[in-house]
Amino acid sequence: MCRTASDASPLEAMPRKKPQPILQLRRYAGSRLYDPESKTYISAEDLQRFRMEGHRISVRDVETGQDVTEACINYRIH
């Protein structure tokens with residue numbers, strides 16, 4: 001027996017949204033953010049725009065290797 005679209009539950013009928021890849025950024029001295037994929041520095045406005053567009057972001061400090069994502073996002077927003 002074949003199922004039709006009308007037989008599917010609302011959740012099954014919704015197209016599945018593929019998650020955004022994680023944007024891997026590096027934080028250099030002076031809190032400068034660098035995107036190695038595009039080979040460009042990222043401004044605070046760019047970071048805010050990426051977040052609003054639903055991009056997942058990861059920021060690593062170059063000197064320590066620590067994950068500083070939350071610190072960067074909170075610093076840039078406030």
Side-chain angles (χ1 to χ4, degrees):
M1 179 174 172
C2 293
R3 293 178 64 180
T4 63
S6 62
D7 293 336
S9 72
L11 291 177
E12 291 175 349
M14 292 176 58
R16 300 216 174 168
K17 192 174 185 181
K18 188 174 182 181
Q20 293 276 356
I22 297 175
L23 182 61
Q24 303 283 339
L25 302 177
R26 297 177 187 162
R27 184 178 75 173
Y28 286 91
S31 296
R32 293 184 64 174
L33 300 178
Y34 182 75
D35 179 3
E37 187 173 313
S38 67
K39 298 179 181 161
T40 58
Y41 283 95
I42 303 296
S43 69
E45 293 81 21
D46 292 333
L47 185 64
Q48 185 176 12
R49 181 174 46 84
F50 291 145
R51 295 280 295 168
M52 291 182 73
E53 290 174 353
H55 291 274
R56 298 183 307 164
I57 297 171
S58 173
V59 183
R60 292 255 174 216
D61 187 88
V62 172
E63 291 181 14
T64 65
Q66 289 183 317
D67 182 347
V68 292
T69 305
E70 291 302 317
C72 288
I73 290 171
N74 291 337
Y75 173 78
R76 304 285 183 196
I77 291 176
H78 299 291

Distance check, rounded to the nearest 0.5 Å: Q48 atom CD versus M52 atom CE? 6.0 Å

Is the Lys NZ or Arg CZ of R26 less than 6.0 Å from the centre of Y34's six-membered ring, within 45° of the axis? no

Sub-3.5 Å donor-acceptor pair from the side chain of N74 to the main-chain atoms of E70, do we have one? yes

Evaluate the side-chain proximity of I22 to I57: yes if any heavy-atom separation is below 4.5 Å, no if none is. no

I need the I42 CD1 to F50 CZ distance, nearest 0.5 Å. 4.5 Å

If every non-hydrogen atom of V59 is compared with every non-hydrogen atom of D67, which pair is closest and at what distance? O-OD1, 3.3 Å

Yes or no on side-chain contact (heavy atoms from CB on, under 4.5 Å) for D46 and L33, after CA distance, side-chain angles and deciding distance? CA-CA 10 Å; D46 292 333; L33 300 178; over 6 Å; no

Has S58 got a side-chain atom pairing as donor or acceptor with Q24's backbone, closer than 3.5 angstrom? no

Side chains of I73 and R51, heavy atoms from C-beta outward: is any pair under 4.5 Å? yes

Does any N or O in the side chain of R60 come within less than 3.5 Å of the main-chain N or O of G65, such that one atom is a donor and the other an acceptor? yes

To check you understand the geometry: which heavy-atom pair defines the closest contact between D61 and T64, and what is its length? OD2-N, 3.0 Å

Output the distance between atom CG (L25) and atom OG1 (T69), rounded to the nearest 0.5 Å. 8.0 Å

Is it the case that more than 12 heavy atoms not belonging to E53 sit under 6.0 Å from its CD atom? yes

